[in-house]
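These numbers come from a predicted model, not from an experiment. Atoms within each ligand, like the ligands themselves, are counted from 1 in listed order.
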Amino acid sequence: MIDKVRWGILGTANIALAKVIPAMQRSPWCEIRAIASRDLAKAQRAAAELNIPHAYGSYEELLADNTVEAIYNPLPNHLHVPWSIKATDAGKHVLCEKPIALSATEARTLIEARDRTGKRIQEAFMVRTHPQWLETRRLIHTGRIGSLRSIAGFFCYFNSDPGNIRNQLDFGGGALMDIGCYPITISRWIYNAEPQRVLGLIERDPVFGTDTLTTAVLEFAEGHSTFTCSTRLAAYQRMIFHGTEGRIEVLIPFNAPNDQPTQILLNDKLIEIPVCDQYEIQGSLFSQAIRENREQPIPLVDAVHNMTVIDAVFKSASSSAFIRG
Ligand SMILES: NC(=O)c1ccc[n+]([C@@H]2O[C@H](COP(=O)([O-])OP(=O)(O)OC[C@H]3O[C@@H](n4cnc5c(N)ncnc54)[C@H](OP(=O)(O)O)[C@@H]3O)[C@@H](O)[C@H]2O)c1
């Protein structure tokens, strides 16, 4: 029988309650043991709804629970690094939501925390272990579209709610941090390289100060990647990979449903990927890495590299110049 990893959840975030906790509860590798909120009643409500045995009225109490081995951190972006460090200092492994930090410099402090404590930290890019992405990468790397030369991505939604964390500049809000991080991680992973130059174009909300329309060009040694992300456009997501002999489109690249197959287009041929839950896979693989002392699916240094590209897009947009990688 599998000795499940015992997880604690920081906060009562929507993504945790709606997707990640139920998915991890279905994983043979995870036990969701406790949830904490700044408000005990909220934690108790979430615990009752999701059948979680322990509820705490502060994050500190959760970290002091010696039965909890690993923490899922879906706090607003500006709290990712501080609470992930507190969690590792309390002897817990950490699965932290994207983007892992507010900058590459801040992300590097997680590497110090990992090395100091010997605990694992991983950025929760669930897309990177979804079978549709493993298949896309396999097709590209085995030459099915010839040489990959161009990637184009879109990830957009409309959200102008001033109370939403995505519209708070000091929380690390904005389109690039919230969703632009996805085409960046996918492009770096597919090209298996870091961009040599980055160009960014950014439009900001005049009141919130967050970026609401961001377009970037990433120049890799083997080809280009361009993407647009927005918090003020009709909802849409797509990734297209264009090679010398063909193309692949990933139809629902990021919010892949867990109740129907996903589809990728190889030229005009539809390839169906069987139903799965990317959050369950993420929780299982990270827990298995902990339990069996294996390499985790996404190394922590990858998160620092992703933040480096995010930093470069911001820097390019504010200086109207290419930023070298
Ligand atoms: N991987 C994915 O598919 C995915 C999808 C959506 C979001 N995310 C990421 O997950 C994180 C949470 O996103 P979300 O939309 O789920 O957030 P949310 O619903 O706004 O929840 C954030 C939680 O953080 C806690 N919190 C602590 N300090 C806070 C503060 N000063 N202001 C607001 N909340 C505070 C709150 O819990 P308590 O009140 O209970 O303490 C709150 O419920 C973000 O980093 C986001 O990028 C990932």
- N/O of I15 under 3.5 Å from N/O of ligand 1, yes or no? yes
- Counting heavy atoms only, which part of T12 comes closer than 4.0 Å to ligand 1: side chain, backbone, both or neither? both
- Considering only heavy atoms of K42, which atoms of ligand 1 have at least one such atom less than 4.0 Å away? 38 (P), 39 (O), 40 (O)
- Candidates R128, E123, K98, H305 - the one meeting side-chain contact (heavy atoms from CB on, under 4.5 Å) with T185: R128
- Candidates Q282, H130, R26 - the one meeting side-chain hydrogen bond (donor to acceptor under 3.5 Å, both in side chains) with D277: R26
- Message: Pairing donors with acceptors under 3.5 angstrom, does anything connect the side chains of N73 and S84?
- Response: yes
- Message: Just to confirm my output: which protein heavy-atom neighbour is closest to atom 36 (C) of ligand 1, and how far is it?
- Response: R38 NH2, 3.6 Å
- Message: For R116, is there an ion pair with D89 - N to carboxylate O distance below 4.0 angstrom?
- Response: yes
- Message: I'd like to check L213 versus S230 (side-chain heavy atoms, cut-off strictly below 4.5 Å). Are they in contact?
- Response: yes
- At a non-hydrogen distance cut-off of under 4.0 Å, which region of F125 contacts ligand 1 (side chain, backbone, both, or neither)? neither
- Note the single closest protein heavy atom to atom 48 (C) of ligand 1, along with its residue, its atom name and the distance in Å. E97 OE1, 3.1 Å
- Quick one: look up the protein heavy atom nearest atom 22 (C) of ligand 1 and list residue, atom name and how far away it is. A13 CB, 3.7 Å
- Would you tell me which option among P74, G173, S58 has the nearest heavy-atom contact to atom 12 (C) of ligand 1? P74
- Can you name the one residue among R291, K119, K4 that meets salt bridge (Lys or Arg N to Asp or Glu O under 4.0 Å) with E69? R291
- Query: Using a distance-only test with no angle check, is there a side-chain donor-acceptor pair under 3.5 angstrom linking S58 and E61?
  - Reply: yes
- K98 and ligand 1 - part of the residue with a heavy-atom distance under 4.0 Å: both
- Message: Other residues, nucleotides and ligands only: do more than 12 of their heavy atoms fall within 6.0 Å of CD on E60?
- Response: yes
- Task: Specify the protein heavy atom at minimum distance from atom 3 (O) of ligand 1: its residue, its atom name, and the distance to 0.1 Å.
- Result: Y279 OH, 2.6 Å
- Which residue supplies the protein heavy atom nearest to atom 25 (C) of ligand 1, what is that atom called, and how far is it? Y59 OH, 3.3 Å
- Message: Taking 4.0 Å as the limit for heavy-atom contacts, which would you say applies to H80 with ligand 1: side chain only, backbone only, both, or neither?
- Response: side chain
- Report, in ascending order of atom number, the atoms of ligand 1 lying under 4.0 Å from any heavy atom of S37. 38 (P), 39 (O), 40 (O), 41 (O)
- Task: Decide whether an N or O pair under 3.5 Å exists between D39 and ligand 1.
- Result: no
- Item | Proximal ligand 1 atoms for L79, defined as those under 4.0 Å from one of its heavy atoms | 27 (C), 28 (N)
- Note on the structure: Residue, atom and distance of the protein heavy atom nearest atom 19 (O) of ligand 1 read N14 N, 2.9 Å
- Query: Can R232 and D211 be counted as an ion pair, charged N to O under 4.0 angstrom?
  - Reply: no
- What's the shortest distance from atom 17 (O) of ligand 1 to any protein heavy atom, and which residue and atom give it? I165 CD1, 3.4 Å
- Item | Per atom 2 (C) of ligand 1, closest listed option by heavy atom (W83, F254, Y182) | Y182
- Query: Once the angle between the rings of Y182 and F254 is folded into 0 to 90°, is it parallel (under 30°), tilted (30 to 60°) or perpendicular (over 60°)?
  - Reply: tilted
- Protein heavy atom at shortest distance from atom 33 (C) of ligand 1: P76 CG, 3.9 Å
- Query: Does atom CG of D161 have more than 12 heavy-atom neighbours from other groups under 6.0 Å away?
  - Reply: yes
- Message: Measuring from non-hydrogen atoms of R166 to any atom of ligand 1, is the shortest distance under 4.0 Å?
- Response: yes
- Report yes or no: do T215 and T228 form a side-chain donor-acceptor pair below 3.5 Å? yes
- Taking only non-hydrogen atoms of N77 and a 4.0 Å limit, the atoms of ligand 1 in range are 44 (C), 45 (O), 47 (O)
- Message: As an exercise, identify every atom of ligand 1 less than 4.0 angstrom from a heavy atom of D178.
- Response: 47 (O)
- Determine, using ring centers only, whether W133 and F241 are less than 6.0 Å apart. yes
